[in-house]
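See below for the structure under consideration.
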Amino acid sequence: MKALIIGGAGFVGGYLIDALRKNGAEVCATCLENESITGDCSVRTLDILDAEKTAGLINEESPDVIFHLAAQSSVAVSWKRPQLTADINVKGTINVLEAVRNADRKDIRLLLIGSGEEYGFIREGACPISEEEQLRPGNIYAATKACQGMLGEIYARAYKMDVVMVRAFNHSGPRQLPIFVISDFCRQIAEIEAGHREPVMSVGNLSARRDFTDVRDIVRAYCLLAEKGVSGRTYNVGRGHAVPVQYILDTALSLSKVPIEVKQDPARMRASDIPVIEPDVSRIKADTGWSAGITVEQTIADTLDYWRKAGV
Ligand code: A2R
């Protein structure tokens with residue numbers, strides 16, 4: 001099998017390259033001109049805002065399956081740069097869809113990677129959230145990803161294209177930027193242990209319950225969906241069991257080599273935090289047999305080890 005990863009230089013891309021290579025696939029990954037990819041694959045530069053280049057590259061590579069990861073993936077940046085977010089996540093996705101539609105090869109499978117954020121303001125009692133739940137995006141990033149999924153459905157139906165849509169919930173692991181909670185807590189602990197920071201952990205809302213899955217399980221799900229997902233269908237990808245952020249904090253602190261005081265930082269509290277976000281993952285389980293295998297405790301331990309070795 002030949003796989004093309006569009007946007008392979010990010011957090012998920014590196015893990016996806018490894019998982020595909022382990023499965024024996026030939027892999028080509030794209031990145032922007034100022035980025036680099038070190039995995040075991042061929043690398044090409046591509047900005048998906050260049051429709052012509054996107055079409056040319058897809059035709060030249062002629063993959064069996066495309067994983068579309070390229071995105072402006074930060075909610076915070078999406079508030080500051082809404083046009084850029086819409087350009088990359090919506091226009092960029094249309095460029096990819098059009099390139100696949102017009103490709104010489106008519107049997108390319110395309111996986112569009114969206115987000116659990118698309119569900120947005122979840123009504124009470126809706127958890128675990130099924131794929132059929134109405135989308136009520138609460139931020140610009142989420143709205144663009146909801147749009148990406150809708151476009152995927154439209155292209156699949158109108159042009160009989162082989163498109164599978166994914167809504168991935170919180171994922172974490174070594175190498176993730178410390179703007180996400182598990183990586184943030186682990187990095188703070190590593191800094192404190194190294195004596196680079198006061199022994200005080202700065203935290204936000206600890207009562208919110210979120211569904212955390214290891215990135216290595218997430219990319220295994222993407223590989224299985226590429227193989228067994230039903231064309232035109234949308235899949236939640238997550239553990240299906242939310243835990244309070246307090247539990248993440250307690251687990252991380254239990255691994256610390258030094259005592260740490262916890263302090264709530266008002267700057268880390270969000271105005272409208274949704275109390276529980278938990279997906280129904282029965283569809284992916286039924287269609288592919290996938291379920292998360294790595295415990296959240298293991299993800300935290302591995303992420304802490306990563307930050308310790310990174311010498312922060
Ligand atoms: O923003 P950068 O410079 O880190 O580059 C990102 C890249 N990217 C693009 N690639 C091609 N053409 C563009 N116009 C363009 N703009 C940005 O896509 C980055 O290297 C990659 C996305 O990786 P991350 O932001 O690290 O996301 P992650 O965690 O790997 O998530 C993968 C997918 C995304 O679609 C998320 O929205 C979804 O999973 O949850």
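Residues take their numbers from the sequence shown, with the count starting at 1. Computed over heavy atoms, backbone and side chain alike; hydrogens, waters and symmetry mates excluded. We count ligands from 1, going down the list as the structure has it; atoms in each ligand are counted the same way.
Near L46, meaning under 4.0 Å from one of its heavy atoms, ligand 1 places the atoms 11 (C), 12 (N). Each of the following atoms of ligand 1 lies closer than 4.0 Å to a heavy atom of D47: 12 (N), 13 (C), 14 (N).
Between S115 and ligand 1, a contact under 3.5 Å exists for no N or O pair. Backbone and side-chain nitrogen or oxygen atoms of H171 are examined, and none is located within less than 3.5 angstrom of a nitrogen or oxygen of ligand 1. Checked against a 3.5 angstrom limit, the closest N/O atoms of A9 and ligand 1 fall outside it. Distances between N or O atoms of S73 and those of ligand 1 include at least one value under 3.5 Å. Between G7 and ligand 1, a contact under 3.5 Å exists for no N or O pair. Looking at E35 next to ligand 1, an N or O pair under 3.5 Å apart turns up. Residue L32 has no nitrogen or oxygen atom sitting less than 3.5 Å from a nitrogen or oxygen atom of ligand 1, judged on distance alone. At least one N or O atom of L69, backbone or side chain, sits closer than 3.5 Å to an N or O atom of ligand 1. Checked against a 3.5 angstrom limit, the closest N/O atoms of Y141 and ligand 1 fall inside it. In terms of N/O distances under 3.5 Å, ligand 1 is not approached by A70.
For atom 12 (N) of ligand 1, the closest heavy atom belonging to the protein is I48 N, 3.1 Å. The protein heavy-atom contact nearest to atom 28 (P) of ligand 1 is V12 CG2, 3.7 Å. Closest to atom 23 (O) of ligand 1 among all protein heavy atoms lies G10 CA, 3.5 Å. Considering only non-hydrogen protein atoms, atom 16 (N) of ligand 1 sits nearest to I88 CD1, 3.5 Å. Taking atom 26 (O) of ligand 1 as the reference point, the nearest protein heavy-atom neighbour is F11 N, 3.1 Å. Among all protein heavy atoms, the one lying closest to atom 7 (C) of ligand 1 is A71 O, 4.0 Å. Annotation: atom 39 (O) of ligand 1 to nearest protein heavy atom, I113 CG2, 3.4 Å.
No side-chain donor from either of Q83 and D87 sits under 3.5 Å from a side-chain acceptor of the other. Between the side chains of S183 and W307, at least one donor N or O sits under 3.5 Å from an acceptor N or O. Under 3.5 Å, the side chains of Y159 and E98 contain no donor-acceptor pair of N or O atoms.
For G114, the heavy-atom gap to ligand 1 drops under 4.0 angstrom.
Contacts between K145 and ligand 1, counted as non-hydrogen atom pairs separated by less than 4.0 Å, involve the side chain only.
Between N89 and S73, the closest side-chain pair of non-hydrogen atoms is not below 4.5 Å.
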Handout entry: CA sep, side-chain torsions, deciding dist, call: R308, E193, salt bridge (Lys or Arg N to Asp or Glu O under 4.0 Å)
Key = CA-CA 8 Å; R308 281 176 178 147; E193 285 178 350; 2.7 Å; yes
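Note that CE of M165 and OH of Y155 are 13.5 Å apart. Values are rounded to the nearest 0.5 Å.
For R81, the CZ atom is loosely surrounded, since the number of other residues' heavy atoms within 6.0 Å does not exceed 12. The local environment of NZ in K285 is sparse, with at most 12 non-hydrogen atoms from other residues, nucleotides or ligands closer than 6.0 Å.
Salt-bridge check for K2 with E61: passed, with a basic side-chain N closer than 4.0 Å to an acidic carboxylate O. Ion pairing of E133 with R123 is present here, as a side-chain N (NZ or NE/NH1/NH2) and a carboxylate O approach within less than 4.0 Å. Salt-bridge formation is detected for the pair D64/R105: a Lys NZ or Arg NE/NH1/NH2 atom is positioned less than 4.0 Å from an Asp or Glu carboxylate oxygen. Salt-bridge check for D217 with R220: passed, with a basic side-chain N closer than 4.0 Å to an acidic carboxylate O. Using a cutoff of 4.0 Å between basic side-chain nitrogens and carboxylate oxygens, K263 and D265 are not scored as salt-bridged.
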